[in-house]
Protein chains: 2
Amino acid sequence: MPPEPATVLAEANRSPRTQSREVRRQQLIEATISTLAARGFARTTLTEVAKTAGISHGLVLFHFETKEKLLTETLTFMTEEYHQNWQAALAAAPADPAAQLLALIKADFASAITTPARLGAWCAFWGEAQSRPIYQEACGEKDAAYIRQLEVICEELVRQGGYGVDAIIAARILRVVIEGTWLDMMTMQNPYAPTEALRTVMSTAALCFPKHFR
Amino acid sequence: MPPEPATVLAEANRSPRTQSREVRRQQLIEATISTLAARGFARTTLTEVAKTAGISHGLVLFHFETKEKLLTETLTFMTEEYHQNWQAALAAAPADPAAQLLALIKADFASAITTPARLGAWCAFWGEAQSRPIYQEACGEKDAAYIRQLEVICEELVRQGGYGVDAIIAARILRVVIEGTWLDMMTMQNPYAPTEALRTVMSTAALCFPKHFR
DNA sequence: CGCCATTGACTGACTTGTCAATCAGATTAT
DNA sequence: ATAATCTGATTGACAAGTCAGTCAATGGCG
């Protein structure tokens with residue numbers, strides 16, 4: 001039977017000498033994220049990941065057969081985490097489309113999602129995904145769900161406000177502004193603060209739907 | 001004395017058996033761009049670049065001492081090319097800020113700049129730049145110049161139209177929409193056409209400066 | 001005792017970088 | 001003109017190092 005959350009937590013606090021399967025795997029995925037952020041995709045080695053996790057590199061392959069599987073599962077985990085994050089935020093928001101859009105945007109800048117390690121790892125995967133269909137497949141479907149959701153909300157906003165904007169275009173603009181400010185936070189030499197990024201996105205929302213946002 | 005352009009061109013059409021220094025270096029930089037796009041940063045090897053150029057791998061190191069130098073010079077070349085492109089477009093445009101913004105946007109989607117190989121190579125560098133300060137330095141200053149130029153144009157547009165938008169924010173929104181549509185063209189499974197990307201950016205301009213764009 | 005996590009030495013493949021030998025083409029000498 | 005010479009591009013074999021993946025031995029825990 002699968003270990004319950006309480007058991008997993010207890011094991012996580014135990015001596016790291018031996019760990020249960022699930023705890024060790026999760027720990028290795030986190031170590032992979034950190035390594036990707038710190039060293040980039042090209043210089044991410046199993047030895048480096050193992051050192052970050054404080055174990056031998058042989059153990060990494062014991063739990064994840066190949067390096068490729070470790071990376072794929074790490075990407076799958078991050079995709080799932082991101083997906084859960086915005087879906088939970090959406091579920092908690094009122095049925096009002098303006099509130100839903102706000103919730104969606106805020107979720108994308110939640111501190112749990114935008115840690116330096118997470119941002120760096122996303123950047124590393126983006127760089128490689130272009131030439132590796134496997135990585136595109138891993139997060140393509142989840143991305144599509146996000147886009148569709150954003151479009152639905154924008155359509156409703158356009159209907160409510162009687163705006164002249166194409167809802168599909170507005171949704172795309174909002175999405176790329178979110179992605180773009182993410183990129184800025186990752187790649188600029190002296191990046192602006194997350195609050196400044198959020199302000200930029202909210203300004204875009206105000207431009208698209210002036211009656212709903214200010 | 002340095003070879004004249006006519007001489008360089010003549011040599012480019014010659015049998016590839018032996019080439020002058022400059023022609024070979026340029027050819028290798030193009031081969032590096034293609035390889036980065038096709039295989040990603042992590043799997044770009046000197047052997048692969050050499051194979052693409054149709055020469056032995058020893059010759060790559062004869063012209064570029066180390067792999068690192070080949071990569072930095074490739075990035076420098078692409079940065080310079082991009083910089084020249086938008087500066088030339090700006091110089092050819094009328095003094096009117098609306099015309100200048102249009103020229104700047106169109107320049108970013110010029111076919112010479114947005115070839116699949118160029119886009120893929122940019123993506124590969126972006127992915128690694130996060131963890132390698134050297135790459136950030138290579139293009140950081142040129143990026144800053146572009147941002148400053150965009151801000152100047154936006155400030156003038158705001159002044160002319162008496163818009164309520166912050167020019168700095170508007171410039172940032174436009175820039176990230178441009179970057180974001182670039183990313184879309186690179187990473188989406190079924191990306192939209194460059195004309196659709198251009199339409200998205202122009203819609204953003206219309207949202208920011210409705211009196212100037214439609 | 002038995003089971004599984006864990007280690008660390010080892011292998012084979014691959015990659016960067018070196019270097020001596022070769023070759024093409026231009027220059028000079030005969 | 002033709003041969004000899006020189007220069008610099010080009011090659012391919014090789015050295016050195018790195019890394020993913022294997023595996024036999026070890027160790028902790030029920």
Side-chain angles (χ1 to χ4, degrees), chain A residues 1-3 7-8 10-29 31-32 35-36 38-74 124 128 132 134, chain B residues 1-4 7-8 10-29 31-32 35-36 38-74 128 132 134:
Chain A
M1 63 184 165
T7 311
V8 172
E11 283 175 343
N13 296 332
R14 227 173 41 188
S15 151
R17 171 65 195 177
T18 68
Q19 296 283 2
S20 81
R21 202 161 186 84
E22 280 314 306
V23 171
R24 197 54 107 190
R25 284 173 64 91
Q26 190 55 43
Q27 180 192 357
L28 282 171
I29 285 175
T32 305
T35 307
L36 281 169
R39 311 250 314 157
F41 196 99
R43 292 183 300 177
T44 291
T45 66
L46 290 181
T47 310
E48 195 71 21
V49 172
K51 197 190 291 176
T52 304
I55 58 176
S56 72
H57 93 269
L59 191 52
V60 181
L61 289 161
F62 173 76
H63 284 291
F64 292 91
E65 292 186 61
T66 66
K67 182 187 182 184
E68 195 54 38
K69 284 184 183 173
L70 170 65
L71 290 170
T72 311
E73 289 206 37
T74 300
E128 284 294 309
R132 306 210 195 182
I134 307 146
Chain B
M1 66 184 162
E4 293 173 40
T7 312
V8 172
E11 283 176 341
N13 295 333
R14 227 173 39 190
S15 151
R17 170 65 193 176
T18 70
Q19 296 282 1
S20 81
R21 202 163 186 80
E22 280 315 306
V23 171
R24 194 55 104 190
R25 283 173 65 89
Q26 190 55 43
Q27 181 194 355
L28 281 171
I29 283 175
T32 306
T35 307
L36 281 169
R39 310 251 313 157
F41 196 100
R43 292 183 300 178
T44 291
T45 66
L46 292 181
T47 310
E48 195 70 23
V49 172
K51 197 190 293 177
T52 304
I55 58 178
S56 72
H57 91 270
L59 191 52
V60 181
L61 289 162
F62 172 78
H63 285 291
F64 292 90
E65 294 186 59
T66 66
K67 181 187 180 184
E68 196 54 39
K69 285 183 183 173
L70 170 66
L71 290 170
T72 48
E73 288 206 39
T74 301
E128 284 296 308
R132 305 210 197 184
I134 307 147

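Letters A, B, ... mirror the listed sequences (proteins, then strands); counts begin at 1. These numbers come from the heavy atoms of this one structure, side chains and all, not from hydrogens, waters or symmetry mates.
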Practice task
Determine the contact category for B/Ser56: base if any of its heavy atoms lies under 4.0 Å from a base atom, sugar-phosphate if only primed atoms, P, OP1 or OP2 are that close, otherwise nothing.
Solution key: base

Handout entry: Gap between atoms CD and P, on B/Glu65 and C/dC19 respectively (whole Å)
Key = 13 Å

Exercise for the section: Could you note down all residue pairs passing side-chain hydrogen bond (donor to acceptor under 3.5 Å, both in side chains) where residues 53-73 of chain B supplies at least one of them, sequence neighbours left out? Expected result: B/Arg25-B/Glu73, B/Glu65-B/Lys69, B/Glu68-B/Tyr135

Handout entry: Approximate separation, where rounding is to 0.5 Å, of A/Leu28 CG and A/Ile55 CD1
Key = 4.5 Å

Problem - Phosphate-side-chain proximity, A/His63 and C/dT6, N/O vs OP1/OP2 below 4.0 Å - result: yes

Problem - A/Arg25 CZ to C/dT6 C1', straight-line distance once rounded to whole Å - result: 16 Å

Exercise for the section: Look at all strands and tell whether A/Leu61 reaches a base, only sugar-phosphate, or nothing, counting heavy atoms closer than 4.0 Å. Expected result: base

Handout entry: A/Ile55 CD1 to D/dT26 P, straight-line distance once rounded to whole Å
Key = 21 Å

Problem - Interface with DNA chain D, restricted to residues 66-73 of chain A and to heavy atoms under 4.0 Å - result: A/Thr66, A/Lys67

Exercise for the section: Would you mind reading off the distance between A/Glu22 atom CD and C/dA5 atom C1', rounded to a whole angstrom? Expected result: 14 Å

Handout entry: Side-chain heavy-atom pair B/Ile29, B/Phe64 within 4.5 angstrom cut-off
Key = yes

Problem - Distance in angstrom units between B/Phe62 CZ and D/dA13 P, rounded - result: 20 Å

Handout entry: A/Arg24 side-chain N/O to C/dA5 phosphate OP1/OP2 under 4.0 Å
Key = no

Side-chain atoms of residues 39-47 of chain A: list all donor-acceptor pairs with protein atoms under 3.5 Å, sequence neighbours left out, distances to 0.1 Å.
{"unit_1": "A/Arg43", "atom_1": "NE", "unit_2": "A/Arg39", "atom_2": "O", "d": "3.2"}
{"unit_1": "A/Arg43", "atom_1": "NH2", "unit_2": "B/Ser131", "atom_2": "O", "d": "3.3"}
{"unit_1": "A/Thr44", "atom_1": "OG1", "unit_2": "A/Gly40", "atom_2": "O", "d": "2.6"}
{"unit_1": "A/Thr45", "atom_1": "OG1", "unit_2": "A/Glu48", "atom_2": "N", "d": "3.1"}

Exercise for the section: Applying side-chain hydrogen bond (donor to acceptor under 3.5 Å, both in side chains), name anything that partners A/Thr32, two or more places apart in sequence or on another chain. Expected result: none

Fill in the blank from the handout: From CZ of A/Phe41 across to P of D/dA20 the rounded distance in Å is 11 Å

Problem - Nearest-Å distance for atom pair CZ/C1', residues B/Phe64 and D/dT10 - result: 15 Å

Practice task
Could you please spell out the steps behind the side-chain contact (heavy atoms from CB on, under 4.5 Å) verdict for A/Glu128 and A/Leu71?
Solution key: CA-CA 11 Å; A/Glu128 284 294 309; A/Leu71 290 170; over 6 Å; no

Handout entry: Spacing between A/Leu46 atom CG and D/dT18 atom C1', to the nearest angstrom
Key = 12 Å

Fill in the blank from the handout: Result for 5'-nearest mapping on DNA chain D, choosing between A/Gly58 and A/Arg43, is A/Arg43

Exercise for the section: Would you state whether a donor and an acceptor, one from the side chain of B/His57 and one from the base of C/dG17, lie under 3.5 Å apart? Expected result: yes

Practice task
Identify whether any heavy atom of A/Leu59 sits under 4.0 Å from a base atom; if not, whether one sits that close to sugar-phosphate; answer base, sugar-phosphate or nothing.
Solution key: base

